[in-house]
Number of protein chains: 2
Amino acid sequence: MAISAGPTQPQKDLSPGGGAFLVDIRVVLITVNAGQLLVAALPSGESWQLPRGYPFANIPLDAAARTIIFESTNLHEQYLEQLYTLSVRDDEPCRIVVSYLALVASTADTPPATTAIWREVKSTPLADVDQMVLDYAIVRLRAKLGYTTIAFHLMPETFSLSELQAVYETAIGVPLDKRNFRRRITASGMLEPTSEKRRDGSHRPAQLYRFRAGHDPAAFLTPQWAGEA
Amino acid sequence: MAISAGPTQPQKDLSPGGGAFLVDIRVVLITVNAGQLLVAALPSGESWQLPRGYPFANIPLDAAARTIIFESTNLHEQYLEQLYTLSVRDDEPCRIVVSYLALVASTADTPPATTAIWREVKSTPLADVDQMVLDYAIVRLRAKLGYTTIAFHLMPETFSLSELQAVYETAIGVPLDKRNFRRRITASGMLEPTSEKRRDGSHRPAQLYRFRAGHDPAAFLTPQWAGEA
DNA sequence: CCAAAAGTGTTCTCGATACACCCATGT
DNA sequence: ACATGGGTGTATCGAGAACACTTTTGG
């Protein structure tokens, strides 16, 4: 609510000269695995940090975010979205932090992390600013699951409807009705069935689906040019 | 869609040392007047610029944005929201731009601009990056009018339902049904009637309403800490 | 009495919800 | 045969869209 507050007092002149700031990037990289919502974190003494890095001249901010992800996890993210830019006051010198949300497919095997470790979101205390960024990332992720298709960026190439539903449920934290879920998903035309079925255990095999290209309204609150000019 | 693209190639090491960037802020300040959607613009040769400025050490980014607004228009905005942060490549040296959307009440009289001028959005060509920022601001404003109450930040203290509807229609560019509009607005409980009516011309006077505090979900995609840490 | 904007209800459609059983397979 | 997860249909409800007339005032 702070941001929508009313008028503020005028402030000193801040145009002349200045403008050089320390800019760094922090990435909230999320996956889902075995019913847990996981975030890539770097150990930092007692607590944890988000993967971070500096932008480099002449590469776009989001390319820098991708590099940070690859360097700390050896993974290529499937989705990347800018979250928010904030100034950190209690730091010296003054710093500007650009934060990102990234998603990768849930995988059965532990991904080949380099410096980062997958940690369950709930039980991973982060240092000050990082904690706020993570909290906001989770709020935004949950909100977007409701009105976009970003959940698919947490899925592997092919998957069953039950797997998709399980990812939704883990991410938003509430159980969903199987028939209503399937109806909505199929009605939206976002999926196409593959020719394969998966035989899992002693039960009926599951039809596998693939995310159909051109059905991702996820970007509707993100500019088309997204981080490049 | 660019932002949700798949994996990218790894890039050179960009962590060490670096991180000092020129950071500047651009503000899209919007109002509605006489059926026109207006933006505050500064003349710049043949075309126009957005109000801009640099952040200053130890003041939050959004406070800097407010200062920029006041300096260029002598107005205090009613709503301020961070839009997007992008890096501008074709500039030398490399620059990072933090963009904001701000709203002020439509006013009958022309507001007391200092250096900025109110221009109709459609017919105000801006320089490169500014044009993209403006386009995105309009997309976001229209989207948010659909599922939030930010329209109230374009209204004066009290107003009639017809005036409110006219502002909506101007902002989103489509006509609305009067009865459905009034039903939705009143059903939402966002307004409270004042004791006054406005006698306008030779017709029935309009009941005036006030925006009821505590009914602004506009911030739900914006972090609570909004620009400060 | 006429012009001009304010105000007011009903019907319909569609998307979301709640809810329970049969199907295909492995052991 | 039974245990396990995969797969299916129907009734209900609420939100949103379409649609036209009466009311109050000033001139």
Side-chain angles (χ1 to χ4, degrees), chain A residues 32 34-35 106 108 142-149 151 155-156 158-170 172-210 215 217, chain B residues 32 34-35 106 108 142-149 151 155-156 158-170 172-210 215 217:
Chain A
V32 168
S106 62
R142 292 197 165 136
K144 281 206 161 184
L145 284 169
Y147 60 90
T148 70
T149 59
M155 304 304 296
T158 66
F159 49 87
S160 71
L161 291 182
S162 295
E163 289 166 341
L164 180 61
Q165 181 176 348
V167 168
Y168 264 91
E169 288 173 333
T170 302
I172 65 181
V174 298
L176 300 171
D177 179 84
K178 201 202 302 193
R179 284 168 292 187
N180 293 336
F181 179 79
R182 292 161 108 93
R183 191 187 0 265
R184 258 191 305 128
I185 296 292
T186 55
S188 73
M190 303 179 288
L191 294 189
E192 56 188 12
T194 67
S195 52
E196 298 159 85
K197 291 177 189 280
R198 174 176 304 154
R199 311 166 274 299
D200 225 353
S202 52
H203 55 80
R204 181 171 174 173
Q207 175 66 249
L208 295 184
Y209 292 83
R210 177 188 301 115
H215 273 275
Chain B
V32 168
S106 62
R142 292 196 166 136
K144 281 206 160 184
L145 284 169
Y147 59 90
T148 70
T149 59
M155 304 303 296
T158 66
F159 48 88
S160 71
L161 290 181
S162 296
E163 289 166 340
L164 180 61
Q165 181 176 348
V167 168
Y168 265 91
E169 288 173 333
T170 302
I172 64 181
V174 297
L176 299 172
D177 179 83
K178 201 202 300 194
R179 285 168 292 187
N180 292 336
F181 179 79
R182 292 161 107 92
R183 191 187 1 265
R184 259 191 304 128
I185 295 293
T186 55
S188 73
M190 302 179 288
L191 295 188
E192 56 188 13
T194 68
S195 53
E196 299 159 84
K197 290 177 188 281
R198 174 176 306 154
R199 308 164 277 298
D200 225 354
S202 52
H203 54 80
R204 182 171 173 172
Q207 174 66 248
L208 295 183
Y209 291 84
R210 176 187 302 117
H215 274 274

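Numbers restart at 1 for each chain; the letters A, B, ... are given by sequence-line order, proteins then strands.
To the nearest 0.5 Å, atom CE of residue M190(B) and atom OH of residue Y209(B) are 12.0 Å apart. To the nearest 0.5 Å, the span separating CD on E192(A) from OG1 on T186(A) amounts to 14.0 Å. The line from CD of Q165(A) to OG1 of T170(A) is 10.5 Å long, rounded to the nearest 0.5 Å. Between the CD atom of E163(A) and the CG atom of D200(A) there is a distance of 7.5 Å, given to the nearest 0.5 Å.
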List, with names and distances, any nitrogen or oxygen atoms from the protein found under 3.5 Å away from nitrogen or oxygen atoms belonging to nucleotides 23-27 of chain D.
from, atom 1, to, atom 2, distance (Å)
dT23(D), O2, R204(B), NH1, 3.4
dT24(D), O2, R204(B), N, 2.8
dT25(D), O2, S202(B), O, 3.0
dT25(D), O2, H203(B), N, 3.1

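A sub-4.0 Å separation between OP1 or OP2 of dG7(D) and a side-chain N or O of R182(A) is present. S162(A) has no side-chain polar atom (N or O) that falls below the 4.0 Å cut-off from OP1 or OP2 of dG5(D).
Residues I185(A) and R182(A) are not in side-chain contact: their nearest non-hydrogen atoms beyond the backbone lie 4.5 Å or more apart.
Of all non-hydrogen atoms in L208(A) and S160(A), the two that sit nearest each other are CD2-N, 3.7 Å.
By the side-chain contact (heavy atoms from CB on, under 4.5 Å) test, R184(A) is found to be paired with F181(A), residues two or more places apart in sequence or in another chain being considered.
Crowding of R199(A) atom CZ: a count of heavy atoms from other residues, nucleotides or ligands under 6.0 Å not exceeding 12.
One can place CZ of F181(A) at 12 Å from P of dG7(D), the figure rounded to the nearest angstrom. In this entry the distance linking CZ of R183(B) with P of dC19(D) reads 14 Å, nearest Å. Rounded to a whole Å, the CZ atom of R198(A) is 14 Å from the P atom of dG5(D). Rounded to whole angstrom, the span from the CD atom of Q165(A) across to the C1' atom of dG6(D) amounts to 11 Å. Protein atom NZ of K178(B) is 18 Å distant from nucleotide atom P of dA17(D), rounded to whole Å.
In the 5' to 3' direction, nucleotides of DNA chain C lying under 4.0 Å from heavy atoms of chain B begin and end at dA3(C) to dT10(C).
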